[in-house]
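Let me begin by presenting the structure, written as structure tokens, before commenting on it.
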Amino acid sequence: MKQLKKWIIVLAIFFMSFSGAFATIFADDGKAKTQNDEYLTKIKKRSYLIVGMSADYAPLEFHATVKGQDTIVGADVRVAQKIANDMGVKLQIKELGFDALIGAMNTGKVDMVISGMSETPEREKQVLFSEPYMYEEQAMVIRKADEKKYKGIMDFNGKTIGAQKQTMQETVAKQQLPGAKVRSLEKATDIVGQVINKKIDGAVLAGIIADSYAYQDKSLKVIYPKFVTEKSPTAVAMPLKAQSLKTQVNKSINTIKKQGLFKKYLTSSYKIQSQNSSFWAKYGNFFITGTLWTLAFAAIAVFFGSIIGTFMALMKISKNWILKIIANVYIEFIRGTPLLVQAFMIFFGTQIIGLNLSPFMAGAVAMAINSGAYVAEIIRSGINSVPLGQKEAAASLGFSYSQSMRFVIMPQALKSIWPALGNEFVTVIKESSVLSVIGATELMFQASIVQGASFKPFLPVFIAAMIYFVLTFGISRILALIETHSFKH
């Protein structure tokens with residue numbers, strides 16, 4: 001019964017994280033109303049400001065190697081630092097995918113968002129915006145070879161146009177290019193890459209971002225087709241009822257405007273971008289770091305997944321119907337939902353029950369739980385592959401159930417379990433790539449960073465693909481050798 005209670009508690013905590021995340025989505029803003037003046041007080045008491053960014057948007061926010069260290073730099077970072085300095089606190093940047101930023105703020109993961117975010121009526125329902133610190137002019141990036149084809153909006157009828165998800169540019173593309181087919185993608189680097197490789201005909205981007213890509217790649221051309229929404233205000237996003245925080249932030253922004261600091265911030269960013277050095281010298285460390293973290297995720301997932309899977313497999317084949325039900329529910333639910341959803345639910349949902357998990361911890365927990373469901377089936381099938389006569393023979397020798405499993409069944413089942421468990425390790429290495437959406441550092445996350453900083457959409461992904469291949473091929477060969485030498489008799 002003690003074991004049963006333990007598993008019930010573990011499963012309850014897990015499902016509470018899921019239900020907590022959904023509760024956040026559908027809850028009213030009553031709690032937020034009581035926190036009107038608590039946001040600023042909490043930040044000052046904590047002594048540091050947590051700002052959410054999607055650092056793949058040069059020159060506003062991007063990664064660079066500064067004094068040998070991977071650092072998030074850019075004009076938006078300087079704005080965030082100015083706000084933190086005026087508050088008298090330190091700055092902490094938390095990096096996430098752009099479409100996860102508002103969710104992270106509304107669940108308390110970050111205090112505010114400064115990430116080139118435009119103020120729109122839809123977003124105003126979810127967040128509180130500061131005074132604008134920049135106005136973005138809407139532009140289009142096309143191939144330079146096609147510049148004679150496109151002079152105005154009507155020239156894009158029947159064409160495929162790219163835009164970043166959940167941005168003002170996506171709205172402009174859908175509303176003001178009615179004859180065009182809009183393809184929404186998560187990252188600006190992916191959009192520009194599709195323009196370069198002739199997958200799409202053009203892309204709607206903020207003018208400052210479009211100019212940066214055209215400066216780095218001479219095959220691109222920036223045009224301004226006179227959209228109705230020519231400029232959009234870019235501001236700091238804060239929780240809906242954080243009025244006192246907004247007042248404080250507006251003081252800093254007004255200073256930035258009066259002293260013309262934002263232009264200086266941009267100039268500084270351009271200088272960092274234009275530093276001359278080889279691609280590998282600039283970004284090699286990102287790939288090495290991403291590879292090490294990917295291996296760490298895989299090792300943690302398979303180790304703890306094996307522990308979870310073993311318990312679940314034994315519960316599923318036990319004679320206790322309660323344990324069988326718990327194991328079946330766990331396995332079917334986890335196998336029936338994507339790892340991406342599980343990562344989101346654990347990262348945001350655990351915040352509701354008071355667990356502020358880091359992206360790495362949330363990703364590791366999600367992968368271990370996910371792997372546990374698959375390992376459970378691997379182990380169960382391995383145990384069932386042992387002939388029934390072996391179990392009967394063990395019983396005739398006076399072995400208890402646990403002794404039979406330990407000394408007779410499991411050693412024989414391991415021969416069937418090992419290859420599948422090795423394949424699970426290889427699979428987990430590749431699946432870790434989805435964790436980039438919650439800001440967990442791994443190989444694909446680092447590759448996307450290099451894409452944004454280098455303005456090269458293809459090369460970083462190609463390097464990442466080669467690293468994945470080397471890892472999976474190498475590990476597969478090692479596992480095959482171990483299997484051959486360990487089970488040849």
Side-chain angles (χ1 to χ4, degrees), residues 1-26 300-350 352-355 357 362-388 390-392 394-395 399-414 416-418 420-421 423-424 427-428 431:
M1 289 302 293
K2 289 183 178 179
Q3 187 184 32
L4 174 59
K5 289 180 180 178
K6 176 183 175 182
W7 279 106
I8 290 174
I9 291 171
V10 170
L11 290 171
I13 292 173
F14 175 68
F15 285 112
M16 280 174 65
S17 69
F18 276 75
S19 61
F22 284 110
T24 302
I25 297 172
F26 295 107
I300 291 171
V302 173
F303 177 77
F304 288 102
S306 297
I307 295 173
I308 296 171
T310 301
F311 277 107
M312 288 296 163
L314 294 175
M315 289 169 65
K316 189 169 182 177
I317 63 176
S318 72
K319 296 179 180 179
N320 188 312
W321 65 272
I322 297 178
L323 295 179
K324 291 173 72 76
I325 289 174
I326 293 172
N328 274 300
V329 169
Y330 172 85
I331 292 169
E332 295 303 322
F333 182 79
I334 296 302
R335 293 179 70 191
T337 55
L339 175 59
L340 176 64
V341 173
Q342 294 163 17
F344 266 119
M345 293 299 100
I346 291 173
F347 184 60
F348 294 119
T350 51
I352 308 304
I353 59 175
L355 295 176
L357 298 182
V365 170
M367 290 196 70
I369 290 173
N370 182 273
S371 182
Y374 291 92
V375 171
E377 289 298 278
I378 291 171
I379 293 174
R380 182 189 64 79
S381 62
I383 292 172
N384 288 340
S385 69
V386 177
L388 183 61
Q390 295 294 308
K391 301 174 186 178
E392 294 172 347
F399 282 19
S400 66
Y401 177 78
S402 60
Q403 289 174 325
S404 297
M405 292 298 297
R406 181 181 176 185
F407 297 112
V408 179
I409 307 302
M410 289 305 293
Q412 296 182 64
L414 189 59
S416 300
I417 292 171
W418 177 255
L421 199 60
N423 289 335
E424 174 67 10
T427 300
V428 164
E431 286 185 342

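We count residues from 1, following the sequence as given. This one's a predicted model, so the numbers in the text were calculated from it and none came from an experiment.
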| Of all pairs that satisfy salt bridge (charged side-chain N to carboxylate O under 4.0 Å, His left out), the ones with a partner from residues 315-338, not counting sequence neighbours | K316-E377, R335-E377

| note | Closest non-hydrogen contact found for A313 with A376 is CB-O, 3.4 Å

| query | Taking side chain as C-beta onward, heavy atoms only, is I334 less than 4.5 Å from I369? | reply | yes

| message | Let me confirm one number: the CG-CD1 distance from L421 to I378, rounded to the nearest 0.5 Å. | response | 6.0 Å

| field | Set of residues satisfying side chain to side chain donor-acceptor pair (under 3.5 Å) with respect to E424, sequence neighbours excluded | value | S371

| Within-4.5 Å side-chain heavy-atom neighbours: R380 and I383 | no

| task | Please name all residues satisfying side chain to side chain contact (heavy atoms under 4.5 Å, CB included) with A362, sequence neighbours left out, ordered by chain then number. | result | I346, F347, L357, I438

| task | Begin with the C-alpha distance, continue with both residues' side-chain angles, and end with the deciding distance and a verdict on side chain to side chain contact (heavy atoms under 4.5 Å, CB included) for V428 and N370. | result | CA-CA 10 Å; V428 164; N370 182 273; over 6 Å; no

| task | Answer yes or no: is there a side-chain heavy-atom contact under 4.5 Å between T427 and Y374? | result | no

Contacts under 3.5 angstrom, residues 300-307 side chains, donor-acceptor by atom type, not counting sequence neighbours:
residue: S306; atom: OG; partner: V302; partner atom: O; Å: 2.6

| query | When M315 is tested against each of N320, I322, L323 for side chain to side chain contact (heavy atoms under 4.5 Å, CB included), which residue passes? | reply | L323

